[in-house]
Amino acid sequence: MPEVTERARDLVGRLLHGHGVVARITEVEAYGGIEDPASHAFVRTPRSEIMYGPPWRLYVYRIHGHHAANVVTGPTEQAAAVLIRAGEILEGIEVARERRGPVADHALARGPGNLTKALGITSLDLGTDLLDPEPVFLGERVDRPTLVAGPRVGVRRNADVPWRFWAEDDPTVSAYRRHPRA
DNA sequence: CACTGGATTAGCT
DNA sequence: GCTAATCCAGTGC
């Protein structure tokens, strides 16, 4: 297993701060950069350039009108990253509710697009150093849940690689959907 | 410049 | 389970 899967597993149970809201990360996916056809960094382009740089920086991309947040994990030139797919809101829940509109609390940050919306993360946060106390940064570990692994959601290539990791029986984890053409 | 295809989501059957 | 909305990065000409 590549190092990025270890980084991914380590992120579950840690805090992610986003513009006044704090979430406990409950679901992530590992992307293996230059070795992983499912990764945006499989091809080096202006968009994926950030992932070739130093670790612990934020990679934000837009998809279907939503934002998705990733932690660049390194090593440099490997272009590995971890997609943050879901979390449980622990602080700033009123702000999160306002950003998300009428949904159940356990669904406020369920799914990558919903999580960035609840945490106010946009392309403006691209490149943020996640170890500094900026508007977006990684906090401490608050628990060590039992982890479950499975295939990544919605990817067409490498669709069977089990690099999605989530906290067992956690209601904030998103549903699995296989790519229609995988 | 035109075309393709998503690391998605909500809403409907 | 299925589909539309949606919009931009990447690609090729």
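Convention: sequence-line order gives letters A, B, ...; per-chain numbering from 1.
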Can you name the side-chain contact (heavy atoms from CB on, under 4.5 Å) partners of [X], sequence neighbours left out?
X      : result
A:V148 : A:W166, A:E168
A:L147 : A:R9, A:V12, A:P145
A:A69  : A:L58, A:T116, A:I121

Task: With sequence neighbours excluded, residues passing salt bridge (charged side-chain N to carboxylate O under 4.0 Å, His left out) with A:R110 - done: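 By the salt bridge (charged side-chain N to carboxylate O under 4.0 Å, His left out) rule, A:R110 matches no residue at all.
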Open item on the list: Expected output check: what is the dot-bracket annotation of DNA chain B, where ( ) and [ ] are pairs inside the strand (brackets for crossing ones), | is paired with another strand, and pairs are Watson-Crick or G-U under 3.5 Å?
Closed with: ||||||.|||||.
Open item on the list: The criterion is ring pair (Phe, Tyr, Trp, His ring centres under 6.0 Å); which residues satisfy it with A:H17, sequence neighbours excluded?
Closed with: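 Ring pair (Phe, Tyr, Trp, His ring centres under 6.0 Å) check on A:H17 returns A:F137.
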Open item on the list: Test of understanding: with ring pair (Phe, Tyr, Trp, His ring centres under 6.0 Å), list the residues that count as partners of A:Y59, not counting sequence neighbours.
Closed with: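 With sequence neighbours excluded, A:Y59 shows a ring pair (Phe, Tyr, Trp, His ring centres under 6.0 Å) to A:Y61, given in chain and number order.
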TODO: Kindly write out the residues that satisfy side-chain hydrogen bond (donor to acceptor under 3.5 Å, both in side chains) with A:D160, not counting sequence neighbours, or none if the list is empty.
DONE: A:R178
Task: By side-chain hydrogen bond (donor to acceptor under 3.5 Å, both in side chains) - contacts of A:E27 (at least two apart) - done: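 Listed in chain order: A:R85, A:R164, A:S174.
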Which atoms of nucleotides 1-4 of chain B (N or O only) lie under 3.5 Å from a protein N or O atom, and what are those distances?
none

Extract from the structure each pairing of a protein N or O with an N or O of nucleotides 3-8 of chain C at less than 3.5 Å, listing the distance.
residue	atom	partner	partner atom	Å
C:dT6	O2	A:H64	ND1	3.3

Task: Residues from residues 33-42 of chain A lying under 4.0 Å of DNA chain C - heavy atoms - done: none
